[in-house]
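Here the structure is a predicted model, which means the values were calculated and not measured. Throughout, protein chains are lettered first and strands after them, A, B, ... in sequence-line order, and every chain is numbered starting at 1.
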Protein chains: 2
Amino acid sequence: MLTKKKIPQSTVWRLSQYLNCLSLLSSEKCREISSHELAERVGVKSTQIRQDFHYFGGFGQPGCRYNVGQLIGELEAILGLDKPQNMIIVGAGNIGQALAHYDKFEPLGFRLKGIFDVNPRLFGLKIRGVGVRDVKELPRFVKDHHIRIGIITTPARVAQSVADLLVRIKIKGIWNFSPMNVTAPEGVSMVNENLSVGLMTLSHKIKGG
Amino acid sequence: MLTKKKIPQSTVWRLSQYLNCLSLLSSEKCREISSHELAERVGVKSTQIRQDFHYFGGFGQPGCRYNVGQLIGELEAILGLDKPQNMIIVGAGNIGQALAHYDKFEPLGFRLKGIFDVNPRLFGLKIRGVGVRDVKELPRFVKDHHIRIGIITTPARVAQSVADLLVRIKIKGIWNFSPMNVTAPEGVSMVNENLSVGLMTLSHKIKGG
DNA sequence: TAGATTGTTAATCGATTAACAATC
DNA sequence: TAGATTGTTAATCGATTAACAATC
(Lines give C-alpha, C1' and ligand atoms only; values in the text may rest on other atoms or scores of the structure.)
Protein backbone atom coordinates (compact mmCIF):
# COMPACT_ATOMS: atom_id res chain seq x y z
CA MET A 1 0.00 0.00 0.00
CA LEU A 2 2.10 2.89 -1.23
CA THR A 3 -0.78 5.29 -1.69
CA LYS A 4 1.57 8.26 -1.90
CA LYS A 5 2.08 8.36 -5.65
CA LYS A 6 -0.60 10.81 -6.72
CA ILE A 7 -3.53 8.90 -8.14
CA PRO A 8 -4.90 10.19 -11.45
CA GLN A 9 -8.51 11.32 -11.33
CA SER A 10 -9.23 8.94 -14.20
CA THR A 11 -7.97 6.02 -12.13
CA VAL A 12 -10.36 6.80 -9.27
CA TRP A 13 -13.16 7.05 -11.79
CA ARG A 14 -12.29 3.63 -13.24
CA LEU A 15 -11.99 2.05 -9.79
CA SER A 16 -15.65 2.79 -9.25
CA GLN A 17 -16.44 1.18 -12.61
CA TYR A 18 -14.46 -1.90 -11.60
CA LEU A 19 -16.30 -2.05 -8.30
CA ASN A 20 -19.68 -1.85 -10.07
CA CYS A 21 -18.74 -4.70 -12.33
CA LEU A 22 -17.24 -6.83 -9.54
CA SER A 23 -20.30 -6.42 -7.33
CA LEU A 24 -22.43 -7.76 -10.16
CA LEU A 25 -20.03 -10.67 -10.70
CA SER A 26 -20.01 -11.42 -7.01
CA SER A 27 -23.80 -11.63 -6.93
CA GLU A 28 -23.46 -14.18 -9.74
CA LYS A 29 -21.19 -16.25 -7.50
CA CYS A 30 -18.07 -15.45 -9.47
CA ARG A 31 -15.07 -15.94 -7.16
CA GLU A 32 -12.02 -15.19 -9.26
CA ILE A 33 -11.28 -12.98 -12.22
CA SER A 34 -8.25 -12.11 -14.34
CA SER A 35 -7.34 -8.60 -15.37
CA HIS A 36 -8.15 -9.66 -18.94
CA GLU A 37 -11.71 -10.77 -18.15
CA LEU A 38 -12.43 -7.68 -16.07
CA ALA A 39 -10.94 -5.46 -18.77
CA GLU A 40 -13.19 -7.06 -21.37
CA ARG A 41 -16.28 -6.39 -19.27
CA VAL A 42 -15.50 -2.82 -18.34
CA GLY A 43 -14.15 -1.92 -21.75
CA VAL A 44 -10.56 -1.00 -20.91
CA LYS A 45 -7.16 -2.64 -21.49
CA SER A 46 -6.03 -5.28 -19.00
CA THR A 47 -2.76 -3.46 -18.55
CA GLN A 48 -4.73 -0.37 -17.54
CA ILE A 49 -6.35 -2.32 -14.74
CA ARG A 50 -3.06 -3.72 -13.47
CA GLN A 51 -1.53 -0.26 -13.60
CA ASP A 52 -4.50 1.21 -11.74
CA PHE A 53 -4.15 -1.44 -9.03
CA HIS A 54 -0.42 -0.91 -9.00
CA TYR A 55 -0.91 2.62 -7.64
CA PHE A 56 -2.09 0.90 -4.48
CA GLY A 57 0.55 -1.81 -4.47
CA GLY A 58 -1.43 -4.41 -6.40
CA PHE A 59 -4.11 -6.75 -5.12
CA GLY A 60 -3.01 -10.12 -6.44
CA GLN A 61 -0.12 -12.47 -6.91
CA PRO A 62 1.70 -13.22 -10.16
CA GLY A 63 0.28 -16.37 -11.71
CA CYS A 64 -3.03 -16.24 -9.83
CA ARG A 65 -6.18 -14.40 -10.84
CA TYR A 66 -7.66 -11.83 -8.51
CA ASN A 67 -10.02 -12.86 -5.72
CA VAL A 68 -13.30 -11.08 -6.41
CA GLY A 69 -14.32 -10.69 -2.79
CA GLN A 70 -10.96 -9.34 -1.74
CA LEU A 71 -10.88 -6.97 -4.70
CA ILE A 72 -14.29 -5.58 -3.74
CA GLY A 73 -13.05 -5.03 -0.20
CA GLU A 74 -9.92 -3.22 -1.35
CA LEU A 75 -11.80 -0.98 -3.78
CA GLU A 76 -14.45 -0.14 -1.21
CA ALA A 77 -11.74 0.86 1.23
CA ILE A 78 -10.01 3.04 -1.35
CA LEU A 79 -13.26 4.75 -2.29
CA GLY A 80 -14.19 5.28 1.35
CA LEU A 81 -17.22 3.00 1.19
CA ASP A 82 -16.09 0.76 4.00
CA LYS A 83 -17.86 2.81 6.63
CA PRO A 84 -21.18 4.65 6.35
CA GLN A 85 -21.18 8.38 5.66
CA ASN A 86 -24.02 10.71 6.55
CA MET A 87 -25.31 13.19 3.98
CA ILE A 88 -27.74 16.05 3.69
CA ILE A 89 -29.35 17.66 0.67
CA VAL A 90 -29.74 21.44 0.49
CA GLY A 91 -32.53 22.43 -1.88
CA ALA A 92 -35.72 20.37 -2.03
CA GLY A 93 -36.61 21.16 -5.65
CA ASN A 94 -36.83 18.66 -8.49
CA ILE A 95 -33.23 17.56 -8.47
CA GLY A 96 -33.05 17.49 -4.68
CA GLN A 97 -36.17 15.37 -4.40
CA ALA A 98 -35.04 13.01 -7.16
CA LEU A 99 -31.70 12.45 -5.44
CA ALA A 100 -33.51 11.85 -2.15
CA HIS A 101 -35.61 9.19 -3.84
CA TYR A 102 -32.63 7.57 -5.51
CA ASP A 103 -31.96 4.24 -3.84
CA LYS A 104 -28.52 3.37 -5.20
CA PHE A 105 -26.56 5.50 -2.73
CA GLU A 106 -27.66 3.71 0.43
CA PRO A 107 -26.18 0.29 -0.51
CA LEU A 108 -22.84 2.04 -1.01
CA GLY A 109 -22.93 3.27 2.58
CA PHE A 110 -24.22 6.80 1.97
CA ARG A 111 -27.03 7.63 4.39
CA LEU A 112 -29.29 10.59 3.72
CA LYS A 113 -30.14 12.18 7.07
CA GLY A 114 -31.89 15.42 6.18
CA ILE A 115 -33.17 17.68 3.42
CA PHE A 116 -33.16 21.47 3.77
CA ASP A 117 -34.94 24.30 2.01
CA VAL A 118 -36.07 27.88 2.57
CA ASN A 119 -39.65 27.31 1.40
CA PRO A 120 -41.90 26.72 4.45
CA ARG A 121 -44.44 24.91 2.30
CA LEU A 122 -41.97 22.08 1.88
CA PHE A 123 -41.17 21.71 5.59
CA GLY A 124 -42.32 18.37 6.91
CA LEU A 125 -42.50 16.71 3.51
CA LYS A 126 -41.00 13.24 3.86
CA ILE A 127 -39.04 11.37 1.20
CA ARG A 128 -38.14 7.80 2.01
CA GLY A 129 -38.56 8.65 5.66
CA VAL A 130 -36.34 11.73 5.55
CA GLY A 131 -37.98 15.06 6.33
CA VAL A 132 -37.53 18.47 4.74
CA ARG A 133 -36.40 21.06 7.31
CA ASP A 134 -35.81 24.78 7.52
CA VAL A 135 -32.33 25.65 6.33
CA LYS A 136 -31.92 27.68 9.53
CA GLU A 137 -31.67 24.41 11.42
CA LEU A 138 -28.86 23.25 9.18
CA PRO A 139 -25.78 24.20 11.27
CA ARG A 140 -27.18 22.57 14.37
CA PHE A 141 -28.31 19.48 12.48
CA VAL A 142 -24.94 18.95 10.83
CA LYS A 143 -23.22 19.05 14.18
CA ASP A 144 -25.71 16.73 15.90
CA HIS A 145 -25.83 14.10 13.17
CA HIS A 146 -22.18 13.84 12.12
CA ILE A 147 -22.90 14.91 8.58
CA ARG A 148 -19.86 14.61 6.31
CA ILE A 149 -21.33 15.22 2.86
CA GLY A 150 -23.53 18.07 1.62
CA ILE A 151 -25.38 17.91 -1.70
CA ILE A 152 -26.28 21.29 -3.20
CA THR A 153 -29.39 21.33 -5.39
CA THR A 154 -30.33 24.98 -4.97
CA PRO A 155 -30.67 27.64 -7.68
CA ALA A 156 -27.33 28.87 -9.05
CA ARG A 157 -27.42 32.28 -7.40
CA VAL A 158 -27.32 30.91 -3.85
CA ALA A 159 -25.11 27.87 -4.52
CA GLN A 160 -21.83 29.52 -3.54
CA SER A 161 -23.25 30.96 -0.32
CA VAL A 162 -24.69 27.57 0.62
CA ALA A 163 -21.27 26.06 -0.04
CA ASP A 164 -19.65 28.72 2.14
CA LEU A 165 -22.07 27.87 4.93
CA LEU A 166 -21.34 24.16 4.59
CA VAL A 167 -17.63 24.90 4.76
CA ARG A 168 -18.10 27.02 7.89
CA ILE A 169 -19.94 24.25 9.69
CA LYS A 170 -17.12 21.84 8.82
CA ILE A 171 -18.65 19.59 6.22
CA LYS A 172 -16.03 17.34 4.58
CA GLY A 173 -17.27 17.12 1.01
CA ILE A 174 -19.66 18.98 -1.28
CA TRP A 175 -21.45 17.58 -4.31
CA ASN A 176 -22.83 20.50 -6.31
CA PHE A 177 -25.66 20.04 -8.82
CA SER A 178 -26.41 23.72 -9.33
CA PRO A 179 -25.49 24.99 -12.79
CA MET A 180 -22.73 27.17 -11.41
CA ASN A 181 -19.19 26.10 -10.55
CA VAL A 182 -18.72 26.39 -6.83
CA THR A 183 -15.39 26.56 -5.04
CA ALA A 184 -14.30 25.46 -1.59
CA PRO A 185 -11.06 26.08 0.29
CA GLU A 186 -8.28 23.54 0.62
CA GLY A 187 -9.41 20.79 2.94
CA VAL A 188 -12.98 20.55 1.74
CA SER A 189 -13.55 18.24 -1.23
CA MET A 190 -15.71 19.47 -4.12
CA VAL A 191 -17.36 17.74 -7.03
CA ASN A 192 -19.23 19.96 -9.49
CA GLU A 193 -21.85 18.05 -11.46
CA ASN A 194 -23.23 20.51 -13.98
CA LEU A 195 -25.97 18.57 -15.75
CA SER A 196 -25.89 20.72 -18.88
CA VAL A 197 -22.28 19.77 -19.53
CA GLY A 198 -23.22 16.16 -20.18
CA LEU A 199 -25.88 17.21 -22.66
CA MET A 200 -23.58 19.66 -24.41
CA THR A 201 -20.88 16.99 -24.65
CA LEU A 202 -23.42 14.64 -26.23
CA SER A 203 -24.55 17.35 -28.60
CA HIS A 204 -20.99 17.96 -29.73
CA LYS A 205 -20.42 14.25 -30.28
CA ILE A 206 -23.53 13.99 -32.41
CA LYS A 207 -22.24 16.71 -34.69
CA GLY A 208 -19.63 14.16 -35.69
CA GLY A 209 -16.08 13.72 -34.61
CA MET B 1 -11.54 26.24 -38.95
CA LEU B 2 -9.36 23.13 -39.15
CA THR B 3 -11.59 20.95 -37.04
CA LYS B 4 -9.83 17.78 -38.16
CA LYS B 5 -7.20 17.56 -35.44
CA LYS B 6 -8.93 15.27 -32.94
CA ILE B 7 -10.31 17.37 -30.11
CA PRO B 8 -9.56 16.11 -26.59
CA GLN B 9 -12.63 15.22 -24.55
CA SER B 10 -11.37 17.59 -21.88
CA THR B 11 -11.35 20.46 -24.35
CA VAL B 12 -15.02 19.93 -25.24
CA TRP B 13 -15.81 19.84 -21.55
CA ARG B 14 -14.01 23.14 -21.00
CA LEU B 15 -15.67 24.78 -23.99
CA SER B 16 -18.99 24.32 -22.25
CA GLN B 17 -17.55 25.90 -19.12
CA TYR B 18 -16.30 28.86 -21.16
CA LEU B 19 -19.72 29.22 -22.76
CA ASN B 20 -21.43 29.21 -19.36
CA CYS B 21 -19.13 31.94 -18.14
CA LEU B 22 -19.41 34.01 -21.31
CA SER B 23 -23.21 33.89 -21.31
CA LEU B 24 -23.16 35.30 -17.80
CA LEU B 25 -20.70 38.03 -18.81
CA SER B 26 -22.80 38.86 -21.84
CA SER B 27 -25.88 39.33 -19.68
CA GLU B 28 -23.79 41.79 -17.66
CA LYS B 29 -23.12 43.76 -20.83
CA CYS B 30 -19.50 42.69 -21.07
CA ARG B 31 -18.41 43.01 -24.70
CA GLU B 32 -14.76 41.97 -24.76
CA ILE B 33 -12.60 39.64 -22.76
CA SER B 34 -8.98 38.50 -22.81
CA SER B 35 -7.90 34.91 -22.41
CA HIS B 36 -6.39 35.94 -19.07
CA GLU B 37 -9.64 37.32 -17.65
CA LEU B 38 -11.66 34.35 -18.85
CA ALA B 39 -9.03 31.95 -17.48
CA GLU B 40 -9.23 33.66 -14.10
CA ARG B 41 -12.99 33.26 -13.97
CA VAL B 42 -13.16 29.65 -15.11
CA GLY B 43 -10.15 28.57 -13.12
CA VAL B 44 -7.79 27.43 -15.88
CA LYS B 45 -4.58 28.80 -17.43
CA SER B 46 -4.94 31.42 -20.17
CA THR B 47 -2.70 29.39 -22.41
CA GLN B 48 -5.08 26.47 -22.00
CA ILE B 49 -7.90 28.60 -23.38
CA ARG B 50 -5.90 29.79 -26.36
CA GLN B 51 -4.82 26.23 -27.08
CA ASP B 52 -8.43 25.02 -26.81
CA PHE B 53 -9.54 27.70 -29.27
CA HIS B 54 -6.56 26.89 -31.48
CA TYR B 55 -8.02 23.45 -32.20
CA PHE B 56 -10.70 25.32 -34.12
CA GLY B 57 -8.39 27.84 -35.74
CA GLY B 58 -8.67 30.53 -33.07
CA PHE B 59 -11.43 33.07 -32.59
CA GLY B 60 -9.52 36.32 -32.22
CA GLN B 61 -6.76 38.47 -33.58
CA PRO B 62 -3.33 39.02 -32.03
CA GLY B 63 -3.34 42.24 -30.04
CA CYS B 64 -7.13 42.37 -29.61
CA ARG B 65 -9.20 40.75 -26.90
CA TYR B 66 -11.95 38.33 -27.86
CA ASN B 67 -15.39 39.59 -28.75
CA VAL B 68 -17.77 38.04 -26.24
CA GLY B 69 -20.73 37.82 -28.58
CA GLN B 70 -18.73 36.27 -31.37
CA LEU B 71 -17.11 33.81 -28.97
CA ILE B 72 -20.50 32.70 -27.72
CA GLY B 73 -21.63 32.16 -31.30
CA GLU B 74 -18.56 30.10 -32.15
CA LEU B 75 -18.81 27.94 -29.05
CA GLU B 76 -22.51 27.35 -29.55
CA ALA B 77 -21.84 26.21 -33.10
CA ILE B 78 -19.08 23.85 -31.97
CA LEU B 79 -21.26 22.37 -29.26
CA GLY B 80 -24.18 21.99 -31.65
CA LEU B 81 -26.37 24.48 -29.80
CA ASP B 82 -26.93 26.71 -32.80
CA LYS B 83 -30.04 24.86 -33.85
CA PRO B 84 -32.70 23.28 -31.64
CA GLN B 85 -32.58 19.55 -30.99
CA ASN B 86 -35.56 17.45 -29.97
CA MET B 87 -35.28 15.01 -27.09
CA ILE B 88 -37.31 12.34 -25.35
CA ILE B 89 -36.96 10.79 -21.92
CA VAL B 90 -37.45 7.04 -21.46
CA GLY B 91 -38.39 6.22 -17.88
CA ALA B 92 -40.72 8.50 -15.94
CA GLY B 93 -39.38 7.69 -12.48
CA ASN B 94 -37.70 10.15 -10.11
CA ILE B 95 -34.75 10.96 -12.26
CA GLY B 96 -36.78 11.10 -15.43
CA GLN B 97 -39.31 13.46 -13.90
CA ALA B 98 -36.61 15.65 -12.38
CA LEU B 99 -34.88 16.01 -15.73
CA ALA B 100 -38.23 16.81 -17.36
CA HIS B 101 -38.74 19.59 -14.81
CA TYR B 102 -35.20 20.92 -15.24
CA ASP B 103 -35.39 24.23 -17.07
CA LYS B 104 -31.74 24.79 -18.01
CA PHE B 105 -31.78 22.60 -21.10
CA GLU B 106 -34.36 24.55 -23.05
CA PRO B 107 -32.38 27.82 -23.25
CA LEU B 108 -29.52 25.81 -24.77
CA GLY B 109 -31.81 24.68 -27.56
CA PHE B 110 -32.76 21.25 -26.25
CA ARG B 111 -36.50 20.69 -26.53
CA LEU B 112 -38.16 17.90 -24.61
CA LYS B 113 -40.93 16.46 -26.79
CA GLY B 114 -42.05 13.36 -24.96
CA ILE B 115 -41.65 11.14 -21.91
CA PHE B 116 -42.14 7.37 -22.12
CA ASP B 117 -42.78 4.63 -19.59
CA VAL B 118 -44.28 1.16 -19.28
CA ASN B 119 -46.44 1.98 -16.27
CA PRO B 120 -50.00 2.82 -17.44
CA ARG B 121 -50.63 4.77 -14.25
CA LEU B 122 -48.18 7.39 -15.43
CA PHE B 123 -49.69 7.78 -18.91
CA GLY B 124 -51.12 11.24 -19.37
CA LEU B 125 -49.16 12.82 -16.56
CA LYS B 126 -47.88 16.17 -17.79
CA ILE B 127 -44.60 17.81 -16.84
CA ARG B 128 -44.07 21.32 -18.10
CA GLY B 129 -46.62 20.61 -20.80
CA VAL B 130 -45.01 17.37 -21.93
CA GLY B 131 -47.04 14.19 -21.51
CA VAL B 132 -46.01 10.71 -20.41
CA ARG B 133 -46.80 8.11 -23.10
CA ASP B 134 -46.73 4.35 -23.52
CA VAL B 135 -43.29 3.20 -24.58
CA LYS B 136 -45.00 1.22 -27.36
CA GLU B 137 -45.66 4.50 -29.14
CA LEU B 138 -41.97 5.39 -28.98
CA PRO B 139 -40.77 4.27 -32.44
CA ARG B 140 -43.58 6.07 -34.18
CA PHE B 141 -43.17 9.18 -32.06
CA VAL B 142 -39.44 9.42 -32.71
CA LYS B 143 -40.02 9.26 -36.43
CA ASP B 144 -42.86 11.80 -36.43
CA HIS B 145 -41.17 14.37 -34.22
CA HIS B 146 -37.59 14.33 -35.51
CA ILE B 147 -36.18 13.24 -32.19
CA ARG B 148 -32.37 13.25 -32.13
CA ILE B 149 -31.58 12.65 -28.46
CA GLY B 150 -32.86 9.96 -26.08
CA ILE B 151 -32.38 10.16 -22.33
CA ILE B 152 -32.50 6.84 -20.49
CA THR B 153 -33.74 6.96 -16.91
CA THR B 154 -35.02 3.41 -16.60
CA PRO B 155 -33.92 0.73 -14.15
CA ALA B 156 -30.50 -0.78 -14.95
CA ARG B 157 -31.78 -4.13 -16.15
CA VAL B 158 -33.67 -2.69 -19.13
CA ALA B 159 -31.28 0.15 -19.95
CA GLN B 160 -29.33 -1.71 -22.64
CA SER B 161 -32.46 -2.97 -24.37
CA VAL B 162 -33.92 0.55 -24.37
CA ALA B 163 -30.66 1.78 -25.87
CA ASP B 164 -30.82 -0.95 -28.52
CA LEU B 165 -34.34 0.14 -29.38
CA LEU B 166 -33.29 3.79 -29.63
CA VAL B 167 -30.43 2.76 -31.91
CA ARG B 168 -32.80 0.75 -34.13
CA ILE B 169 -35.11 3.70 -34.57
CA LYS B 170 -32.17 5.87 -35.56
CA ILE B 171 -31.71 8.17 -32.65
CA LYS B 172 -28.48 10.18 -32.91
CA GLY B 173 -27.36 10.40 -29.28
CA ILE B 174 -28.09 8.67 -25.98
CA TRP B 175 -27.67 10.12 -22.51
CA ASN B 176 -27.83 7.28 -20.02
CA PHE B 177 -28.62 7.88 -16.34
CA SER B 178 -29.21 4.27 -15.39
CA PRO B 179 -26.54 2.86 -13.08
CA MET B 180 -25.27 0.51 -15.77
CA ASN B 181 -22.84 1.32 -18.55
CA VAL B 182 -24.65 1.09 -21.84
CA THR B 183 -23.02 0.71 -25.24
CA ALA B 184 -24.06 1.79 -28.69
CA PRO B 185 -22.61 0.98 -32.11
CA GLU B 186 -20.34 3.31 -34.06
CA GLY B 187 -22.42 6.20 -35.35
CA VAL B 188 -24.59 6.68 -32.29
CA SER B 189 -23.13 8.95 -29.60
CA MET B 190 -23.27 7.81 -25.98
CA VAL B 191 -22.77 9.58 -22.69
CA ASN B 192 -23.02 7.46 -19.55
CA GLU B 193 -23.84 9.51 -16.48
CA ASN B 194 -23.66 7.10 -13.56
CA LEU B 195 -24.68 9.21 -10.58
CA SER B 196 -22.97 6.97 -8.04
CA VAL B 197 -19.59 7.62 -9.64
CA GLY B 198 -19.70 11.28 -8.65
CA LEU B 199 -20.48 10.39 -5.07
CA MET B 200 -17.77 7.73 -4.93
CA THR B 201 -15.26 10.18 -6.37
CA LEU B 202 -16.19 12.66 -3.67
CA SER B 203 -15.93 9.99 -1.01
CA HIS B 204 -12.43 9.09 -2.18
CA LYS B 205 -11.38 12.72 -2.15
CA ILE B 206 -12.64 13.17 1.39
CA LYS B 207 -10.45 10.31 2.54
CA GLY B 208 -7.57 12.61 1.80
CA GLY B 209 -5.18 12.71 -1.10
C1' DT C 1 5.74 53.66 -31.29
C1' DA C 2 5.00 50.83 -26.90
C1' DG C 3 1.95 47.75 -24.59
C1' DA C 4 -1.18 44.26 -24.78
C1' DT C 5 -2.72 40.28 -26.63
C1' DT C 6 -3.47 36.36 -29.64
C1' DG C 7 -1.83 32.33 -32.50
C1' DT C 8 1.29 28.77 -32.77
C1' DT C 9 5.27 25.96 -32.06
C1' DA C 10 8.15 23.61 -28.78
C1' DA C 11 8.95 21.77 -24.11
C1' DT C 12 7.06 19.59 -20.29
C1' DC C 13 4.25 16.87 -17.86
C1' DG C 14 1.19 13.03 -17.01
C1' DA C 15 -1.39 8.97 -18.30
C1' DT C 16 -1.77 4.81 -21.06
C1' DT C 17 0.15 0.94 -23.23
C1' DA C 18 3.73 -2.48 -24.12
C1' DA C 19 7.05 -5.60 -22.63
C1' DC C 20 8.72 -8.85 -19.77
C1' DA C 21 10.61 -10.77 -15.37
C1' DA C 22 8.75 -12.96 -11.33
C1' DT C 23 5.63 -16.13 -9.50
C1' DC C 24 2.16 -19.49 -8.86
C1' DT D 1 7.73 -28.45 -15.69
C1' DA D 2 4.67 -25.51 -18.86
C1' DG D 3 1.05 -22.14 -19.03
C1' DA D 4 -1.14 -18.46 -17.13
C1' DT D 5 -1.06 -14.41 -14.85
C1' DT D 6 0.38 -10.51 -12.05
C1' DG D 7 3.67 -6.70 -10.78
C1' DT D 8 6.57 -3.37 -12.48
C1' DT D 9 9.58 -0.85 -15.45
C1' DA D 10 10.14 1.39 -19.85
C1' DA D 11 8.17 3.26 -24.15
C1' DT D 12 4.59 5.64 -26.20
C1' DC D 13 1.09 8.63 -26.58
C1' DG D 14 -1.59 12.71 -25.59
C1' DA D 15 -2.65 16.92 -23.15
C1' DT D 16 -1.03 21.00 -20.75
C1' DT D 17 2.09 24.67 -20.19
C1' DA D 18 5.73 27.83 -21.65
C1' DA D 19 7.77 30.74 -24.86
C1' DC D 20 7.67 33.92 -28.25
C1' DA D 21 6.74 35.80 -32.95
C1' DA D 22 3.03 38.22 -35.18
C1' DT D 23 -0.32 41.62 -34.87
C1' DC D 24 -3.26 45.28 -33.45
Peer 1: In terms of the nearest nucleotide of DNA chain D, which residue is placed more toward the 5' end: Gly63(A) or Gln9(B)?
Peer 2: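 Its nearest nucleotide being more 5', the pick is Gly63(A).
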
Peer 1: Taking salt bridge (Lys or Arg N to Asp or Glu O under 4.0 Å) as the definition, give me every residue that meets it alongside Asp117(B), ordered by chain and number, with sequence neighbours left out.
Peer 2: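 Asp117(B) satisfies salt bridge (Lys or Arg N to Asp or Glu O under 4.0 Å) with no residue once adjacent residues are dropped.
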
Peer 1: Verify, without hydrogens or angle tests, whether Ser34(A) (side chain) and Arg65(A) (backbone) share a donor-acceptor contact under 3.5 angstrom.
Peer 2: no

Peer 1: Which nucleotide in the list dT5(C), dT17(C), dA19(D) gets nearest to the side chain of Arg50(B)?
Peer 2: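 So the side chain of Arg50(B) is nearest to dA19(D).
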
Peer 1: Would you mind reading off the distance between Ile49(A) atom CD1 and dG7(D) atom P, rounded to a whole angstrom?
Peer 2: 12 Å

Peer 1: Over all strands shown, is Gln51(A) touching base, sugar-phosphate only, or nothing at heavy-atom distances under 4.0 angstrom?
Peer 2: base

Peer 1: Can you name the salt bridge (Lys or Arg N to Asp or Glu O under 4.0 Å) partners of Asp144(B), sequence neighbours left out?
Peer 2: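 Only Arg140(B) meet the salt bridge (Lys or Arg N to Asp or Glu O under 4.0 Å) criterion with Asp144(B).
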
Peer 1: To the nearest Å, give me how far apart CZ (Phe53(B)) and P (dT17(D)) are.
Peer 2: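 After rounding, the gap between these two atoms is 15 Å.
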
Peer 1: Would you tell me if any nitrogen or oxygen in the side chain of His54(A) comes within less than 4.0 Å of OP1 or OP2 on dT8(D)?
Peer 2: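 Yes, His54(A) has a side-chain N/O under 4.0 Å of OP1/OP2 on dT8(D).
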
Peer 1: Reckon Tyr66(A) touches a base, only the sugar-phosphate, or nothing at all at heavy-atom distances under 4.0 Å?
Peer 2: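 If one applies the 4.0 Å heavy-atom cut-off, Tyr66(A) turns out to touch the sugar-phosphate alone, with no base involved.
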
Peer 1: Rounded to the Å, how far apart are Ile7(A) CD1 and dG14(C) P?
Peer 2: 14 Å

Peer 1: Can you identify which nucleotide, out of dT6(C), dA18(D), dT16(C), has its nearest atom closest to the His36(B) side chain?
Peer 2: dT6(C)

Peer 1: Check every atom of dT6(C), dG7(D), dA18(D) against the side chain of Pro62(B) and return the nucleotide holding the closest atom.
Peer 2: dT6(C)

Peer 1: With sugar-phosphate meaning primed atoms plus P, OP1 and OP2, does Ser34(B) contact a base, only sugar-phosphate, or nothing at under 4.0 Å between heavy atoms?
Peer 2: sugar-phosphate

Peer 1: In dot-bracket notation, what is the pairing pattern of DNA chain D, taking Watson-Crick (N1-N3 plus N6-O4 or O6-N4) and G-U wobble (N1-O2 and O6-N3) contacts under 3.5 Å, with [ ] crossing and | for other strands?
Peer 2: ..||||||||||||||||||||||

Peer 1: Between Ser35(A) and dT6(D), is there a contact of a side-chain N or O with OP1 or OP2 at under 4.0 Å?
Peer 2: yes

Peer 1: What residue pairs, at least two apart or across chains, pass salt bridge (charged side-chain N to carboxylate O under 4.0 Å, His left out) with a residue in residues 167-177 of chain A?
Peer 2: none

Peer 1: Given atom CZ of Phe56(B) and atom P of dG7(C), what is their separation to the nearest angstrom?
Peer 2: 13 Å

Peer 1: Both Ile33(B) and Arg14(A) contact DNA chain C. Which one's nearest nucleotide lies toward the 5' end?
Peer 2: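 On the 5' side of the pair lies Ile33(B).
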
Peer 1: Which pairs would a plain distance check flag for residues 181-188 of chain A, meaning a side-chain donor or acceptor within less than 3.5 Å of a matching protein atom at least two apart in sequence or in another chain?
Peer 2:
none

Peer 1: Would you find more than 12 non-hydrogen atoms of other residues, nucleotides or ligands less than 6.0 Å from Arg41(A) atom CZ?
Peer 2: no

Peer 1: 5'-most contact on DNA chain C: Gln61(A) or Thr47(A), nearest heavy atom basis?
Peer 2: Thr47(A)

Peer 1: Roughly how many Å is it from NZ in Lys45(A) to P in dT12(D), rounded to a whole number?
Peer 2: 15 Å

Peer 1: Mind checking what makes salt bridge (Lys or Arg N to Asp or Glu O under 4.0 Å) contact with Arg148(A), not counting sequence neighbours?
Peer 2: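 Listed in chain order: nothing, the list is empty.
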
Peer 1: Using atom CD of Gln48(B) as one end and atom C1' of dG14(D) as the other, report the distance to the nearest whole Å.
Peer 2: 13 Å

Peer 1: Distance check needed: dT9(C) P versus Tyr55(B) OH, whole Å only.
Peer 2: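 After rounding, the gap between these two atoms is 13 Å.
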
Peer 1: Is the distance from the ring center of Tyr18(A) to that of Trp13(A) below 6.0 Å?
Peer 2: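 Not under 6.0 Å, so no.
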
Peer 1: Check the distance between dA4(D)'s C1' and Glu32(A)'s CD and give it to me in whole angstrom.
Peer 2: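 Atom CD in Glu32(A) sits about 12 Å away from atom C1' in dA4(D).
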
